[in-house]
Amino acid sequence: MFVETVDLIGRLLKGLTGEEDPLLVDGGDHADLASTIAFSLAKKQKRSPPLIAADLAEKLRILPELDGITIFSTGPYLNFTFGGEYLAQCVAAARKPGYGTLLKKYERVSIEHTSANPNGPLHVGHIRNTIIGDTLARAFRKAGYPCEVQYYINDMGRQIAIVVWGLETLGITRLPGEKGDHFIARVYVRANHAIRDDESINGAIERLMQEIERGDRDVDQAFRQAVNTCVEGIKETLFNLHVHHDRFVRESTFVRIGDMQRVLDRLARMDEAEVEGKFLSLDLTSSGFEKKYVLKRADGTSVYAARDIAYHVWKTANYDRNIDVLGADHKLIGAQLSATLRLMGEVPPEILHFEFVSLPEGAMSTRSGTFVSADELIEEVTARALEEVTKRRPELSPGERMAIARSVAVGAIRFDIVRVSPEKSTVFNWKQALDFERQSAPYVQYAHARACSILAKAGDFEEVYEYNDPHEIALTKAIARFPAVITSVVTDLRPHLLATYIRDVADLFNSFYRFVPVLKAEGSLRDARLCLVDATRNTLREALQTLGIDALESM
RNA sequence: GGGCAUGUGGCCUAGUCAGGAUAGGGCGUUAGCCUCCUAAGCUAAUGGUCGGGGGUUCGAAUCCCUCCAUGCCCGCCA
């Protein structure tokens with residue numbers, strides 16, 4: 001209803017003024033919607049903005065299409081306040097299962113996210129990528145797109161060669177109960193120490209890389225095993241964060257099936273190509289890059305970029321919109337990749353970059369072992385949540401308390417990460433991660449549980465949609481914006497808008513809860529309020545699901 | 001040195017792309033609210049040169065220039 005109403009007003013205003021843009025803005029405290037069109041018309045008409053606004057208000061008021069909308073001017077501003085019929089339709093729509101789901105679309109979307117190297121567990125920096133990507137994928141599906149989520153496994157890089165070397169020579173054994181990814185990280189850290197102490201080991205690493213590229217059976221087997229051991233642990237962490245990938249794409253695939261060679265052949269024929277023996281690079285100065293873009297080393301082995309181009313060429317052939325979620329450290333290579341694809345006549349991906357997460361003591365690094373793992377974070381937050389549930393709901397069984405604690409913990413982690421806009425670099429903060437008040441998922445989950453509790457006690461009620469109380473009206477208007485928020489998230493690739501939005505709805509519901517009695521109201525007033533509680537419950541539920549957070553009915 | 005990004009009360013953050021009406025929240029601090037639908041809640045108080053300076057505009061947190069601070073990148077690593 002919100003989008004439709006804004007569109008209608010925009011169309012009528014354009015028709016009336018002949019302007020291209022109706023200059024609609026948020027009405028703030030003054031109205032539901034406002035237009036600043038009077039300012040831009042002032043010069044052309046040589047009249048003062050307030051006069052023009054008053055004039056337009058009068059002309060719009062008599063249009064039958066705008067019945068039920070209060071139109072008035074305040075100085076130069078043209079204001080619109082939506083009426084009872086609008087509120088009624090919004091609440092009715094918000095109660096339907098699946099509210100917020102947009103019209104089915106046929107553009108195929110791929111989203112690549114996380115894609116952390118399989119040389120250790122996911123840490124709190126990686127999961128910013130994960131949670132942004134997963135929330136985006138959920139939003140795309142909500143917006144009606146067929147969407148496939150991919151994890152690109154760098155399974156033949158130097159890091160993996162280091163892990164393989166470590167596994168074969170350092171004699172480190174996996175501890176009982178140790179997750180594969182944590183075990184691989186220990187090997188990786190130790191191997192790097194060994195290399196630092198004895199640089200001659202690099203020769204062995206290089207040999208491994210040549211052998212894997214040639215497709216040597218034994219080496220391939222060793223790489224595969226090391227990667228699988230790690231990925232198995234990463235998958236467990238992803239599952240615990242409510243994150244799902246539809247496909248794990250191995251970069252070695254593009255070498256094995258010949259795609260990379262075909263792409264390199266194409267690139268070698270381009271004007272920008274520079275070939276020196278087995279060495280191949282691209283001169284991207286025409287695209288504004290100073291350094292050459294290396295694709296093959298002097299020994300003829302390919303670098304990551306070559307495989308990445310092949311991967312993206314494959315994606316362009318199979319999807320209409322390709323989205324990559326990448327850390328800020330990939331900005332340069334992302335831009336080089338895009339420039340190269342453009343030169344090849346391919347469509348570059350849409351890249352959503354997010355800035356770094358660091359620790360108070362400095363940057364995180366898998367190699368040096370200085371990071372807070374996602375598993376550790378989940379464990380700590382779950383323990384803290386369990387403590388809280390036990391305090392609040394001692395009557396529940398340990399199993400029930402644990403189930404709630406898990407849902408609260410995953411929600412708290414996901415929300416804490418997704419609420420910050422991607423372009424801000426952040427410092428990981430335990431106090432904030434363990435805070436379950438106000439601007440947090442538990443706060444929203446709690447509002448949802450409250451709504452459920454009221455409805456459970458209410459029994460049957462009639463459909464009545466009449467609202468006069470300011471708390472009712474404010475809540476209804478917030479609920480009505482949900483579909484518009486989904487649209488913004490997928491068009492601007494800004495998942496944090498969902499977090500901001502859901503917090504607004506929860507805030508308004510909690511105020512409503514405090515000041516407007518529902519079960520104690522009588523007759524049609526009670527029915528109308530119960531309908532609004534149900535609409536809020538459903539909106540919170542749908543929005544929480546889009547954020548990958550459980551909508552608990554009791555907590 | 002060059003490139004990209006960020007800078008909003010003691011701390012965290014929305015708003016910046018598509019400029020508009022007194023810059024929204026939260027944490028903290030202070031003072032209230034559970035014989036009343038779950039207090040993971042509600043209300044109020046406190047606290048701001050929107051990094052500094054210049055410019056464009058009827059109007060700038062938002063656009064342009066410049067300076068400062070911070071993060072990231074500038075590998076035949078990924």
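These numbers come from the heavy atoms of this one structure, side chains and all, not from hydrogens, waters or symmetry mates. A note on names: the letters A, B, ... follow the listed sequences, proteins ahead of strands, and every chain is numbered from 1.
- If you check every strand for non-hydrogen atoms under 4.0 Å, Ile333(A) touches a base.
- Separating the NZ atom in Lys315(A) from the CD atom in Gln150(A) is a distance of 5.5 Å, to the nearest 0.5 Å.
- Taking the six-membered ring where the residue is Trp, Tyr151(A) and Phe248(A) present parallel rings, their angle staying beneath 30° rather than reaching 60°.
- Residue contacts shown for Gly157(A) are limited to sugar-phosphate atoms, with no base heavy atom under 4.0 Å away.
- Both Lys292(A) and Glu553(A) lie close to RNA chain B; mapped to their nearest nucleotides by heavy-atom distance, the more 5′-ward contact belongs to Glu553(A).
- Phosphate proximity of rG75(B) to Lys291(A): present, with a side-chain N or O under 4.0 Å from OP1 or OP2.
- Between Asp324(A) and His312(A), the side chains place a donor N or O and an acceptor N or O closer than 3.5 Å (distance only, hydrogens not considered).
- For Asp29(A), taking side-chain heavy atoms from C-beta onward, the closest of the listed nucleotides rG24(B), rA78(B), rU22(B) is rU22(B).
- Remark: ring of His353(A) does not overlap the six-membered base ring of rA5(B) in a stacked fashion, as centroids less than 5.5 Å apart with planes less than 30° apart are not both met.
- For Arg307(A) and rA78(B), the shortest distance from a side-chain N or O to OP1 or OP2 is below 4.0 Å.
- Comparing the C1' positions of rU16(B) and rG28(B) gives an interatomic distance of 28 Å, to the nearest angstrom.
- Here Val294(A) lies in heavy-atom contact (under 4.0 Å) with sugar-phosphate atoms only.
- The side chain of Lys43(A) approaches rC58(B) more closely than any other nucleotide in the set rG2(B), rA5(B), rC58(B).
- Distances were taken from every side-chain heavy atom of Val303(A) (C-beta onward) to each of rA14(B), rC76(B), rC42(B); the shortest belongs to rC76(B).
- Residue Arg514(A) has its side chain nearest to rC42(B) when only rC42(B), rG71(B), rA14(B) are considered.
- With a cut-off of 3.5 Å on both pairing distances, the Watson-Crick or G-U wobble partner of rA5(B) is rU70(B).
- For Asp507(A), counting side-chain heavy atoms from C-beta on, the closest listed nucleotide (rA14(B), rC37(B), rC42(B)) is rC42(B).
- Looking at Arg450(A) and Asn510(A), their side chains do bring a donor and an acceptor atom within 3.5 Å of each other.
- Nearest nucleotide to the side chain of Lys520(A), out of rC27(B), rC36(B), rC42(B): rC36(B).
- OP1 and OP2 of rC36(B) both lie 4.0 Å or more from every side-chain N or O belonging to Tyr513(A).
- Residue contacts for Ala328(A): at a heavy-atom cut-off of 4.0 Å it reaches the sugar-phosphate backbone alone, with no base atom in range.
- Among the protein residues, Asp21(A) comes within range of no part of the nucleic acid, since none of its heavy atoms lies under 4.0 Å from any strand.
- Counting non-hydrogen atoms under 4.0 angstrom, Asp504(A) reaches nothing in the nucleic acid.
- Of the nucleotides present, none pairs with rU16(B) by Watson-Crick or G-U wobble criteria with both distances under 3.5 Å.
- No contact: Asp26(A) has no heavy atom under 4.0 Å from any strand.
- rC36(B): no Watson-Crick or G-U partner with both key distances under 3.5 Å is found in any strand.
- For the OP1/OP2 pair of rU43(B) and a distance below 4.0 Å, the side-chain nitrogens and oxygens of Ser511(A) include at least one atom meeting the criterion.
- Taking a pair to require two hydrogen-bonding distances under 3.5 Å in either a Watson-Crick or a G-U wobble arrangement, rA21(B) remains unpaired.
- In this structure, rC50(B) shows a glycosidic angle more than 90 degrees from zero, which is the anti conformation.
- Here rU46(B) sits opposite rG28(B) as a Watson-Crick or G-U wobble pair (both hydrogen-bonding atom distances under 3.5 Å).
- Among the protein residues, Val389(A) comes within range of the nucleic acid bases, having at least one heavy atom under 4.0 Å from a base atom.
- The residue Val427(A) sits apart from the nucleic acid: no heavy atom pair falls under 4.0 Å.
- Residues Glu355(A) and Lys331(A) are paired through a salt bridge, judged by an N-O separation under 4.0 Å between the basic side chain and the carboxylate.
- Searching all strands for a Watson-Crick or G-U wobble partner of rC76(B) with both distances below 3.5 Å returns nothing.
- For the pair Tyr443(A) and rC42(B), the criterion of a side-chain N or O lying under 4.0 Å from OP1 or OP2 is met.
- Inspection of the Asn202(A) and Arg158(A) side chains reveals an N or O donor paired with an N or O acceptor under 3.5 Å.
- When heavy atoms are screened at a 4.0 angstrom cut-off, Lys431(A) is found touching the sugar-phosphate backbone but no base atom.
- Between rG26(B) and Arg438(A), a contact under 4.0 Å exists linking OP1 or OP2 to a side-chain N or O.
- Comparing rC72(B), rG15(B), rC37(B) by their nearest atom to the side chain of Ser421(A) picks out rG15(B).
- By the 30° and 60° cut-offs, the orientation of the rings of Phe254(A) relative to Tyr311(A) is tilted.
- Between Lys424(A) and rG7(B) there is a side-chain N or O to OP1 or OP2 distance below 4.0 Å.
- Here rC74(B) presents its C1' atom at 12 Å from CZ of Phe289(A), a figure rounded to the nearest Å.
- In this structure, Trp430(A) and Phe428(A) have perpendicular ring planes: the angle between them is above 60°, well past the 30° mark.
- Residues Ser365(A) and Thr370(A) have side chains that never bring a donor and an acceptor to within less than 3.5 angstrom of each other.
- In the set rC37(B), rA5(B), rA39(B), the nucleotide with an atom closest to the side chain of Arg450(A) is rA39(B).
- Using a 4.0 Å heavy-atom criterion, one finds that Glu290(A) contacts the sugar-phosphate atoms exclusively.
- For rA78(B), one of the phosphate oxygens OP1 or OP2 lies less than 4.0 angstrom from a side-chain nitrogen or oxygen of Arg297(A).
- In the set rA78(B), rG26(B), rC72(B), the nucleotide with an atom closest to the side chain of Gln439(A) is rG26(B).
- OP1 or OP2 of rG15(B) sits under 4.0 Å from a side-chain N or O of His496(A).
- Residue Ala447(A) is classed as having no contact, given no heavy-atom separation below 4.0 Å to the nucleic acid.
- Gly27(A) comes within 4.0 angstrom of a nucleotide base, judged by non-hydrogen atoms across all strands.
- Closest contact between the side chain of Phe39(A) and the listed nucleotides rG71(B), rC58(B), rG25(B) involves rC58(B).
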